[in-house]
Amino acid sequence: MRTLVAAPTKSLFPQSARSGDAAYLGEELRETLQKVKQTIPPVWPLDDFVAVNPFLGLTSHSFLKARRFLQMFSDCESLMPLTYYRSRVDAGHLTTDDIAVALQELAKDGLTVADLITAEDIQDLLSATAPEDARTAGTQPSAKRNGHRTELLSEVYDRVFGTDWSTVFLDEVSRCCSAHYDTGQAIWQSPGKSLPLYQAWRSAALSDHRLEVLGLSGVRKFVAQLPHTPEAAINALLRQLEIEPHQWEATLLCTAWSMPGWSSWVQYQTQKPACCDDYSEDFVGLLAIRLAYDAALSRAFRFISRSSQPAGFTGNAAKYLLTNDDSLARYVLLKASEVAWRRNIVSELKDSTSTILASDEASPDIGQAPTVPSMTPATVQMVFCIDVRSERIRRNLEAVENSIQTFGFAGFFGVPIEFARLGESTGSAQVPALLKPRFRVHEGIRGADERLHEQTRSSRQQSRLLRTAWKGFQASASGCFGFVEAVGVFSGLKLLLKSVGSGKTHTDHEHDGVEKLHRDRKAPLLDGLVEQGITIEAQAEMAASILKGIGITSDFSRLVVFCGHQSTTANNPLKAALNCGACGGHSGEPNARFAAALLNQPAVRAGLIEHGINIPEDVHFLAAVHNTTSDEIDFFDIDEVPASHERDLRDLQGWSKTAAALTRNERIPSLGSRNADDASQFAKDWSEVRPEWGLAGNAAFIAAPRSMTLKINLDGRSFLHSYDYRTDDGFQVLEQIMTAPLVVAHWINMQYYASVVDNAHFGSGSKTIHNVVGHFGVLSGNGGDLTTGLALQSLHDGTELRHEPLRLLAIIAAPTSAIEAIIGKHSLLDDLLTNDWLQLISLQDGMLHRYSAATGWERLPDSETEPIRSTASAVANH
C-alpha cells in the first residue's frame with residue numbers, strides 16, 4: 001500500500017463545531033440529510049426477514065430515471081446485461097415480435113424511443129454481443145465500475161494510487177455496526193451499546209490503533225477533534241473535504257449507497273415502534289463515520305479530490321441513456337421480456353375468462369349493489385396463502401378431488417397479531433410489513449389450568465437457561481479448546497447424521513419444557529383478548545372481515561380449512577425468507593390456528609349474523625400448515641373436530657397426502673432430485689444449499705375468481721388472490737387487495753429482481769461463505785457490507801437462472817373504473833404504475849385492457865392473447 005507522509009497540522013475544527021450548537025447546522029444540510037435518508041429502504045433482521053423493494057425510496061421516479069439517479073452516485077445496477085438477453089433470444093424465449101410490441105407500448109406510455117432506437121438497432125446490438133455461457137449469464141452484471149459518477153475521496157485515492165482504503169473503511173464501518181447492534185451473539189458486548197451509533201464509534205475510535213497500524217497516521221488525534229454530534233461532524237467534515245453546498249446531496253448519497261446494507265439496517269431502526277422520530281440520529285451518525293474516514297485519509301496524505309461531479313437532469317431519460325451506453329436497448333429488452341411473459345399467461349387465461357365474464361350481465365357501476373352469484377357447496381373449502389408455492393399444491397388438491405374448493409388470501413388470514421410463544425412475554429409480528437399488530441396472542445396448552453401452565457413455563461425456562469449456559473461454555477475462552485478435544489468426535493457424528501437427512505427437523509426447540517402428552521394441545525389461545533380491547537363485537541367484526549376478504553360468506557362446506565405455510569430447512573440464516581411474507585417472515589401456523597379457533601366460537605358466530613353472515617352449526621373450521629420444502633400438509637387441533645366430521649377429516653388427510661406426492665414429483669426436475677423423497681431429506685440436510693426454490697420465478701399477481709385459473713398450470717409463478725367483484729359492494733375488498741397484498745407481492749418481486757440483476761449490492765452472494773452477524777444479519781465472508789437480499793443459490797442452479805428478472809404483472813378481474821378510482825386515491829399505487837415499477841391488466845366481460853398512465857386503458861389486441869411462432873433465429877442471425 002502506497003502512503004504519503006503528512007506534515008503536522010493545526011487543530012482541524014473550530015470550537016463552535018465541537019460545541020454541537022444547533023445553530024451551527026444549517027437548515028439546508030438538515031434538509032439534504034433527510035432527502036438522502038428517504039432514498040434508503042429498510043432491511044429487516046434475520047428472524048423477520050421481510051422482502052422489500054430495494055428501490056423503494058426511488059419509486060417516485062420513473063424506472064429509467066431512477067436508474068440514472070442511482071448511476072450518478074453509485075455502481076448499483078437495475079438492468080440485465082445484453083449478454084443475458086442474447087441468451088434469452090438464443091433459447092427462443094424472446095422474439096422480434098416482442099421487441100416490436102415493447103417499442104410500441106413504450107411510445108404510447110410517453111417514453112419517446114422511436115426516434116432514438118429501433119428494433120433493427122436492438123437486433124444489431126444483440127448480434128454484436130458474443131453469446132455467453134448460460135452458467136454465468138446475468139449473475140455478475142454489476143462487476144464493472146461506473147466511471148461517470150460521484151466518488152468518495154477514498155475511491156479516488158485508491159484509483160490514483162492503487163490502494164484499497166475504501167474496502168478497509170467499509171470493513172471498519174461493518175465492525176463498528178456489527179458490535180453496536182449485536183443482539184446477543186457476541187460474548188463480550190460493546191461498551192457503547194447504550195450510546196447513539198456515532199458517539200459509540202467515536203468513543204471506541206479514540207483508543208483503536210488498527211488504522212494507524214495499517215498506515216493511516218494520526219487517526220485517534222483526528223477523531224478526538226471531531227464534534228460530539230453527528231450533524232455538526234458532517235458539517236465540519238464536508239468543509240474539510242472542500243465539498244461545496246451544491247455537491248452535498250451527491251456526496252452524501254454516494255456515502256450512503258457505498259454501504260447500502262448498513263444504511264438500510266440503520267434505516268430499519270426508525271421502523272421500530274420505540275422510534276418516533278423520522279429523523280434518525282443513527283443514520284446521520286453512520287454517514288458521519290464514513291465521511292470521517294475519508295477526511296482522516298485526506299488529512300494524513302494531504303489529498304483533496306476536486307473531480308467534477310455529474311449534474312442532475314430533468315429531461316428525457318431515454319435520450320440521456322442512448323448517448324451514454326446501451327441501457328436504453330436493455331430497457332426495451334426488459335419490456336420485451338415482460339411482453340413475452342404477458343402473452344403466455346394471457347393466452348392461457350383467454351378461454352376461461354371469455355367463458356365466465358362474457359356470460360356475466362352488464363357490470364354494476366361503482367356504488368350499486370352487485371348481484372351475488374350462487375356457489376355450489378363443496379366437500380371441503382381450503383384457504384391458502386397467495387404465495388406462488390401454494391399454486392401447485394392447490395392445483396393438485398383440486399385434481400385429486402374435484403369437490404375441494406380452494407381460495408387464495410393473504411397468509412396472515414386477516415388477523416393482525418403479535419404471537420408470544422409459551423413462556424415469553426413478547427413475540428413476533430405475524431403481519432405484513434405494511435401493518436402493525438393490533439393485539440397480542442399468547443401460546444398455551446388448550447384446556448390446561450394455570451398450575452400446568454406455570455409448571456411448563458418454569459421447565460421451559462430451565463431447559464433454555466441450561467442450553468444457553470452450555471453454548472456460552474462452548475464459545476468461551478476457557479472452554480472452547482477443551483470442548484473440541486472432548487466431544488469433537490461426537491460432533492462429527494452429529495454432522496454426518498444431518499448430512500444424510502437423519503437430524504432433527506425442529507431446530508428451534510419449540511417443545512422445550514412441554515411434556516409429550518401435551519404437545520398436540522400447544523396452541524394460540526383466545527384468552528385475554530377482551531382485556532386488550534378486542535371485545536366479542538370486535539372479534540365478530542374481525543371474523544366478518546376475514547370471510548368477506550376471502551369471499552366465503554355463504555354456502556359453507558362442512559370443513560373450512562385455513563392453511564398457512566412454512567419452510568423447514570437446516571443451517572440456513574436466511575430461512576425466514578422461505579417462510580410466509582404475510583406473517584412477517586414467520587410460519588403462518590399461529591394465524592391459521594387463531595383464525596379457525598375464532599370462527600369456531602359460538603359468540604363470534606352469533607355476532608356474525610349482524611354482519612349478514614350465518615354459519616350453519618355443522619360447519620367446523622380447521623387449521624393446517626403447508627410445508628413448502630416437503631409439500632406435506634399438517635392439520636392441527638384435530639382432537640376438537642366433532643365426531644360427525646371425522647370421516648371428512650380422514651378423506652381430506654388422504655387427499656392431501658396424494659396431492660403432496662404429486663407436487664413433489666412436479667418439483668423433481670427443478671430441484672435436480674433423484675426422486676420425490678429428496679425434498680423431505682433436503683429439509684434436514686445442513687449442507688444443502690438449495691432445499692427449495694422459494695418464490696423464484698414469481699412474475700404475476702392475479703386477483704380473480706378461482707374458476708378463471710382452475711384449469712391452468714401456472715407453474716408456481718403467480719400470486720393467486722381470490723376475488724369476485726360481483727360480491728364486493730363498494731369495492732372495499734378490491735381496495736384492500738390493491739393497497740396491501742399487491743404491494744407486498746410487488747416488494748417480493750422486486751427483491752428477487754434486484755437480487756438477480758445486481759447480487760453484489762442487493763443480494764447476499766454465496767450461501768457457502770455466509771457469516772451471521774449479531775443474530776440480525778449476514779456478511780458475505782468476514783467483512784464488507786451487510787447483505788440485504790437473496791443468495792445466488794436461491795436464484796441460480798449452477799447451470800442457469802431459476803428466476804427470470806421481470807417486473808410484476810398484476811391481473812385484476814374488475815371494472816376498469818373501479819381499479820382506476822382506487823389508483824387515484826393512493827399515491828403509492830399511482831407512483832408504481834405511472835413510473836413503470838408495476839404492470840397492470842384488467843379483466844372484464846371477457847376483455848383484457850392494459851393500464852397506461854399516459855393513455856388510460858388500452859385493449860390488448862387479439863394477437864396478444866394468442867401464442868406466436870418464435871422468431872429467435874431471425875434476431876440472432878440479423
Side-chain angles (χ1 to χ4, degrees), residues 374-386 390 393-415 446 520-521 523-524 526 542-544 546-566 588-602 604-606 608 613-627 631-663 705-707 710 720 722:
S374 61
M375 297 172 60
T376 303
T379 304
V380 177
Q381 292 167 322
M382 293 192 71
V383 185
F384 288 85
C385 182
I386 64 172
S390 298
I393 194 72
R394 288 177 63 182
R395 174 165 37 84
N396 285 312
L397 267 170
E398 293 158 342
V400 169
E401 176 51 51
N402 59 17
S403 68
I404 292 180
Q405 187 178 31
T406 72
F407 297 80
F409 190 59
F412 77 115
F413 299 114
V415 288
R446 285 186 290 104
D520 288 341
R521 293 192 292 126
L526 272 61
M542 186 190 310
I546 293 169
L547 295 175
K548 288 178 180 179
I550 296 169
I552 309 177
T553 56
S554 62
D555 298 316
F556 293 89
S557 62
R558 285 165 51 82
L559 272 183
V560 181
V561 183
F562 292 105
C563 187
H565 67 95
Q566 66 182 26
E589 176 192 329
N591 299 71
R593 296 178 77 173
F594 179 87
L598 181 73
L599 282 157
N600 282 329
Q601 299 302 305
V604 171
R605 291 197 182 186
L608 280 171
I613 302 174
N614 189 0
I615 302 176
E617 291 185 4
D618 66 343
V619 174
H620 183 79
F621 289 85
L622 187 64
V625 68
H626 168 219
N627 189 319
D631 280 309
E632 295 291 343
I633 296 179
D634 292 324
F635 296 88
F636 300 98
D637 308 320
I638 57 178
D639 58 316
E640 293 196 334
V641 174
S644 57
H645 290 59
E646 288 180 357
R647 180 172 179 177
D648 300 285
L649 176 60
R650 285 197 302 271
D651 288 343
L652 177 58
Q653 289 173 321
W655 296 332
S656 298
K657 287 182 179 179
T658 304
L662 290 173
T663 306
R706 176 57 173 157
S707 54
L710 185 61
L720 293 181
S722 296

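All values below come from the heavy atoms of this structure, side chains included, with hydrogens, waters and symmetry mates left out. No experiment lies behind these values; they were computed from the predicted model shown.
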Exercise. Between Ser722 and Gly408, is there a donor-acceptor pair closer than 3.5 Å when you use the side chain of the first and the backbone of the second?
Worked result: yes
For this session: Please round to the nearest 0.5 Å and tell me the distance separating atom OG1 of Thr406 and atom CZ of Arg706.
Result: 4.5 Å
Exercise. Where do Ala623 and Ala596 come nearest, in terms of heavy atoms and distance?
Worked result: N-CB, 4.0 Å
Problem set entry | Student check: side-chain heavy atoms of Gln405 and Ser557 closer than 4.5 Å | no
Exercise. Which atom pair, heavy atoms only, marks the closest approach of Phe556 to Gln381?
Worked result: CA-OE1, 3.6 Å
Problem set entry | Close side-chain approach of Val380 and Asp648, heavy atoms under 4.5 Å | no
Seminar exercise, completed: Interatomic distance, CG@Asn591 vs CZ@Phe413, rounded to 0.5 Å, equals 7.5 Å
Problem set entry | Min side-chain heavy-atom separation Met382-Leu652 under 4.5 Å | yes
Problem set entry | Pairs involving residues 631-640, ordered by first then second residue, that meet salt bridge (charged side-chain N to carboxylate O under 4.0 Å, His left out) (sequence neighbours left out) | Arg446-Asp637, Arg446-Asp639, Arg446-Glu640, Arg593-Asp637, Asp631-Arg667, Glu632-Arg664
Exercise. With side chains defined as the heavy atoms from C-beta onward, is the minimum distance between Phe562 and Ile550 less than 4.5 Å?
Worked result: yes
Problem set entry | Atom pair CZ (Arg394) and CD1 (Ile386), whose distance is rounded to the nearest 0.5 Å | 10.5 Å
For this session: Indicate yes or no: at least one non-hydrogen side-chain atom of Asp618 is less than 4.5 angstrom from one of Ser644.
Result: no
Seminar exercise, completed: In terms of heavy-atom contacts, Ala624 and Val561 come closest through CB-CG1, 3.8 Å
For this session: Look up atom CH2 in Trp655 and atom OG1 in Thr379, then write down how far apart they are to the nearest 0.5 Å.
Result: 5.0 Å
Exercise. Are side-chain heavy atoms of Phe409 and Ile552 found at a separation under 4.5 Å?
Worked result: no
Exercise. Listed by chain and number, what are the salt bridge (charged side-chain N to carboxylate O under 4.0 Å, His left out) partners of Arg605, not counting sequence neighbours?
Worked result: none
Exercise. So do the side chains of Phe407 and Val560 get within less than 4.5 Å of each other, counting heavy atoms only?
Worked result: no
Problem set entry | Test item: His565 side-chain N/O and Phe384 main-chain N/O as donor-acceptor pair under 3.5 Å | no
Problem set entry | Heavy-atom closest contact (Ala378 atom, Ser403 atom, distance) | CB-O, 3.2 Å
Exercise. Should Leu547 and Ile615 be marked as a side chain to side chain contact (heavy atoms under 4.5 Å, CB included) after you check the CA-CA gap, both sets of side-chain angles, and the distance that decides it?
Worked result: CA-CA 11 Å; Leu547 295 175; Ile615 302 176; 4.0 Å; yes
Problem set entry | Euclidean distance, Arg395 CZ relative to Glu398 CD, rounded to 0.5 Å | 9.5 Å
Problem set entry | Polar side-chain atom of Gln653 near backbone of Phe635 as donor-acceptor pair, under 3.5 Å | no
Exercise. What distance separates Ser390 OG from Leu397 CG, expressed to the nearest 0.5 Å?
Worked result: 10.5 Å
For this session: Flag the pair Leu608 / Leu599 as yes when at least one side-chain heavy-atom distance between them is below 4.5 Å, and no otherwise.
Result: yes
Problem set entry | Glu401: salt bridge (charged side-chain N to carboxylate O under 4.0 Å, His left out) partners, not counting sequence neighbours | none
